[in-house]
A.B. asks: 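What follows is a single structure, and I will ask about it in a moment.
A note on names: the letters A, B, ... follow the listed sequences, proteins ahead of strands, and every chain is numbered from 1. All heavy atoms count here, side chains included; hydrogens, waters and symmetry mates do not.
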Number of protein chains: 2
Amino acid sequence: MQRGIGASSAGRGGRVYTVLQQAIVDQALPPGTRLPEDSIGAQFGVSRTIVRAALQRLAADGLVEMKVKRTATVARPSLEEARAVFEVRRCLEREVARLVAEKWNDGFAARLAAHIAEEQQAADGGDSKATVRLAAEFHVKLAGMSGNPLLVRYVTEVVSRCSLILSVFGRPHQSECAIGEHRTILEALAAGDAARAAAAMDHHVALVERRGVGGETAAEPDIGEILARYLPLAAVADA
Amino acid sequence: MQRGIGASSAGRGGRVYTVLQQAIVDQALPPGTRLPEDSIGAQFGVSRTIVRAALQRLAADGLVEMKVKRTATVARPSLEEARAVFEVRRCLEREVARLVAEKWNDGFAARLAAHIAEEQQAADGGDSKATVRLAAEFHVKLAGMSGNPLLVRYVTEVVSRCSLILSVFGRPHQSECAIGEHRTILEALAAGDAARAAAAMDHHVALVERRGVGGETAAEPDIGEILARYLPLAAVADA
DNA sequence: GGCGGAAATCCGGTATACTAGAAATGATGT
DNA sequence: ACATCATTTCTAGTATACCGGATTTCCGCC
């Protein structure tokens with residue numbers, strides 16, 4: 001599993017799209033980062049045409065913001081957007097759980113068990129980047145088992161956006177998906193209990209949301225307040 | 001309400017996108033229709049760059065097919081795709097019903113009643129094109145009332161695709177959305193009964209699917225079988 | 001007369017040139 | 001010393017040129 005979340009289409013533009021998407025969900029490119037078409041094109045050895053197409057796709061996915069005549073930036077989701085995305089995600093993933101339970105077979109069980117083992121290994125090894133990526137892939141893999149390509153597309157999109165959201169609102173270096181919760185889902189599916197699987201999934205997504213966005217209103221990152229917190233340090237540095 | 005389903009973004013490319021989308025869901029451009037970038041650009045007085053971007057968006061929406069090095073065409077959904085789209089649509093619209101029931105208020109009631117009246121008027125006037133368009137807009141409007149922009153986007157997409165699907169599999173000139181079913185949904189919402197509203201919506205979408213795609217497997221349009229049906233006619237013509 | 005291949009044509013993929021608007025930088029006056 | 005305005009630079013929007021692959025057309029051959 002070298003690939004990230006989305007298997008891209010066009011050979012050339014697809015590369016740019018995939019790399020950018022991975023970089024964004026991996027938080028290698030934090031929200032607000034400028035994404036000038038020229039420099040990115042130079043980086044990849046392609047023209048602006050290609051980069052532009054990739055950025056437009058990313059914008060459609062909600063991962064980058066493209067305002068007219070302004071340099072594209074990595075999206076900085078608002079709290080409302082975050083809630084909206086999680087709301088849709090819960091709805092979609094409940095359906096995924098239902099459908100996968102319906103179509104359940106031993107191959108699924110084996111694949112998911114292997115995936116969870118991989119997650120455990122990454123977590124044990126302290127590889128937090130891999131942990132986050134594998135957690136997201138768990139959900140996409142599950143969606144794939146529903147046999148519904150549109151559902152896969154939507155889940156992929158919504159999971160990616162959740163990663164971005166967590167990078168804005170979540171406490172850093174916190175594993176978003178408790179592996180145990182994935183195990184619980186797998187168990188419910190293996191038991192052939194669609195309702196329990198859907199409930200477990202719903203609960204899991206709710207927990208991810210709570211861990212990431214938090215129960216309170218948590219206010220937009222206020223630049224003034226942040227700087228104020230640094231004033232004492234500046235005073236020390238001055239002395 | 002002059003606009004069709006999607007309010008587009010960029011002034012220039014948005015125009016092309018919107019017009020093409022409308023033309024496709026109105027079945028003015030039947031599935032399989034070639035969409036050469038040059039001629040479309042000439043038509044709109046813009047360059048291929050713009051048209052290409054619009055086509056790419058449409059392709060992402062599942063309304064056009066873009067294979068490499070091949071002229072884009074209006075998508076011709078397969079039966080499996082059709083089922084997949086309806087499956088997701090049911091899931092999304094159930095959620096819409098739930099959410100709208102939660103946020104219900106008199107303004108919503110008035111707006112929906114007015115919309116349904118418009119539908120009735122179009123149906124009475126025998127304007128089948130308007131009837132179809134208004135039926136689709138009912139669902140998008142409802143989604144808008146959920147207050148969830150992502151949900152609106154997904155519902156819009158999925159409803160558009162359903163229109164296209166019905167144009168392939170549905171009997172022609174059949175009103176897809178019985179207006180009575182819309183009224184039933186409105187009543188359930190007005191009664192503040194979220195569960196009943198969700199059920200009514202689910203039932204409605206299921207009916208739309210049944211009317212369009214049909215209950216049986218109905219097999220892909222088999223070119224051989226279709227031609228065979230014409231053989232007797234050819235014999236007569238020969239005589 | 002229908003079939004297969006070569007030439008001509010069409011058309012999509014990509015790079016690039018040009019324009020103009022936005023942001024950054026520096027100059028000028030109070 | 002600061003604010004305002006001019007200038008310069010950066011970069012997005014769009015058109016267009018060029019290339020190569022796909023499609024069609026047409027001609028000669030069986």
Side-chain angles (χ1 to χ4, degrees), chain A residues 6-21 23-24 29-76 223 227 238, chain B residues 6-21 23-24 29-76 223 227 234 237-238:
Chain A
S8 66
S9 42
R12 212 106 84 134
R15 234 185 81 74
V16 179
Y17 172 84
T18 306
V19 171
L20 248 32
Q21 144 133 339
I24 292 173
L29 297 172
T33 307
R34 285 164 50 92
L35 301 168
E37 299 174 358
D38 281 333
S39 20
I40 295 176
Q43 188 70 25
F44 284 93
V46 299
S47 80
R48 282 179 52 210
T49 309
I50 308 294
V51 177
R52 194 171 174 72
L55 288 177
Q56 277 164 343
R57 273 180 73 186
L58 259 354
D61 292 349
L63 294 183
V64 321
E65 278 166 18
M66 291 184 82
K67 295 193 269 225
V68 269
K69 283 281 188 183
R70 271 183 182 58
T71 305
T73 60
V74 176
R76 189 192 302 284
I223 185 70
L227 291 184
D238 273 348
Chain B
S8 66
S9 41
R12 210 107 84 129
R15 234 184 78 74
V16 180
Y17 172 84
T18 305
V19 172
L20 248 32
Q21 145 134 340
I24 292 174
L29 296 172
T33 307
R34 285 164 50 92
L35 302 167
E37 298 174 359
D38 282 332
S39 20
I40 295 175
Q43 189 70 24
F44 284 92
V46 298
S47 79
R48 281 180 52 209
T49 309
I50 308 295
V51 178
R52 194 171 174 71
L55 288 177
Q56 277 164 344
R57 273 180 75 187
L58 259 356
D61 292 349
L63 294 184
V64 319
E65 278 167 16
M66 290 184 83
K67 295 194 269 226
V68 266
K69 284 279 190 184
R70 279 193 175 50
T71 305
T73 60
V74 177
R76 190 193 301 282
I223 185 72
L227 290 183
D238 272 347

A.B. asks: Using the closest heavy atom to pick a nucleotide of DNA chain C for each, name whichever of A/Arg48 or B/Pro36 lands nearer the 5' end.
C.D. replies: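 So the residue in question is B/Pro36.
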A.B. asks: Quick one: which of B/Leu35, B/Leu63, B/Ile50 gives a side-chain contact (heavy atoms from CB on, under 4.5 Å) with B/Leu55?
C.D. replies: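 For B/Leu55, the side-chain contact (heavy atoms from CB on, under 4.5 Å) test succeeds with only one of B/Leu35, B/Leu63, B/Ile50, which is B/Leu35.
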A.B. asks: How many Å lie between CG on A/Leu55 and P on D/dG13, as a whole number?
C.D. replies: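 Taking atom P of D/dG13 as the reference, CG of A/Leu55 is at 10 Å.
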A.B. asks: Which nucleotide sits closest to the side chain of A/Val68: D/dA15, D/dG13, C/dT14?
C.D. replies: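 Nearest to the side-chain atoms of A/Val68, counting from C-beta on, is D/dG13.
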A.B. asks: Rounded to whole Å, how long is the line connecting atom CG of A/Asp38 with atom P of C/dA17?
C.D. replies: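 For the pair A/Asp38 CG and C/dA17 P, the rounded distance is 12 Å.
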A.B. asks: Restricting to non-hydrogen atoms, name the atom on B/Ala72 and the atom on B/Met66 that form the minimum distance, rounded to 0.1 Å.
C.D. replies: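 The answer is CB-CG, 3.9 Å.
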A.B. asks: Measure CD/B/Gln56 against C1'/C/dG12 and give the value in whole Å, please.
C.D. replies: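 It is 11 Å, rounded to the nearest whole Å.
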A.B. asks: Taking all atoms of both residues into account, what is the closest heavy-atom pair of B/Ala75 and B/Pro31, and its distance?
C.D. replies: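 Smallest heavy-atom distance, with atoms named: O-CB, 3.3 Å.
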A.B. asks: Report the distance from atom CD1 of A/Ile50 to atom P of C/dT16, rounded to the nearest whole Å.
C.D. replies: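 Between P of C/dT16 and CD1 of A/Ile50: 11 Å.
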A.B. asks: Could you tell me how far apart A/Arg15 (CZ) and C/dG13 (C1') are, to the nearest whole angstrom?
C.D. replies: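 Distance, rounded to whole Å: 17 Å.
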A.B. asks: Check whether any side-chain N or O of A/Ser47 sits under 3.5 Å from a backbone N or O of A/Thr49 as a donor-acceptor pair, and report yes or no.
C.D. replies: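 Yes, the answer is positive, given that a donor and an acceptor are paired below the 3.5 Å cut-off.
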A.B. asks: Within less than 4.0 Å of OP1 or OP2 of D/dT11, is there a side-chain N or O belonging to A/Arg34?
C.D. replies: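 Result: yes.
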A.B. asks: The side chain of B/Arg70 lies closest to which of these nucleotides: C/dA22, C/dA15, D/dT23?
C.D. replies: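 Out of C/dA22, C/dA15, D/dT23, the nucleotide with an atom closest to B/Arg70's side chain is D/dT23.
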A.B. asks: Looking at every strand, decide which applies to A/Thr71 at a 4.0 Å heavy-atom threshold: base, sugar-phosphate, or nothing.
C.D. replies: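 Result for A/Thr71 = sugar-phosphate.
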A.B. asks: Can you tell me the distance, in whole Å, between the CE atom of B/Met66 and the C1' atom of C/dC11?
C.D. replies: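 Atom-to-atom, B/Met66 to C/dC11, this comes out as 12 Å.
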A.B. asks: If you round to the nearest 0.5 Å, how far is CD of B/Gln21 from CG of B/Leu29?
C.D. replies: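 Spacing of CG (B/Leu29) from CD (B/Gln21) equals 12.0 Å.
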A.B. asks: Whether A/Ser47 contacts C/dA15 is assessed here as follows: a side-chain N or O lying under 4.0 Å from the phosphate OP1 or OP2. Is that the case?
C.D. replies: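 Affirmative; the distance criterion is met.
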A.B. asks: Tell me whether the side-chain N/O atoms of A/Arg52 come closer than 4.0 Å to OP1 or OP2 in D/dA12.
C.D. replies: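 A/Arg52 to D/dA12 OP1/OP2: no side-chain N or O under 4.0 Å.
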A.B. asks: Of all the choices, C/dA15, D/dG13, C/dG13, which nucleotide is nearest to the side chain of A/Lys69 once you look at every atom?
C.D. replies: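 Shortest atom-to-atom distance from the side chain points to D/dG13.
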A.B. asks: Can you tell me the distance, in whole Å, between the CD atom of B/Glu37 and the P atom of D/dA15?
C.D. replies: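 Computing the B/Glu37:CD to D/dA15:P distance gives 13 Å.
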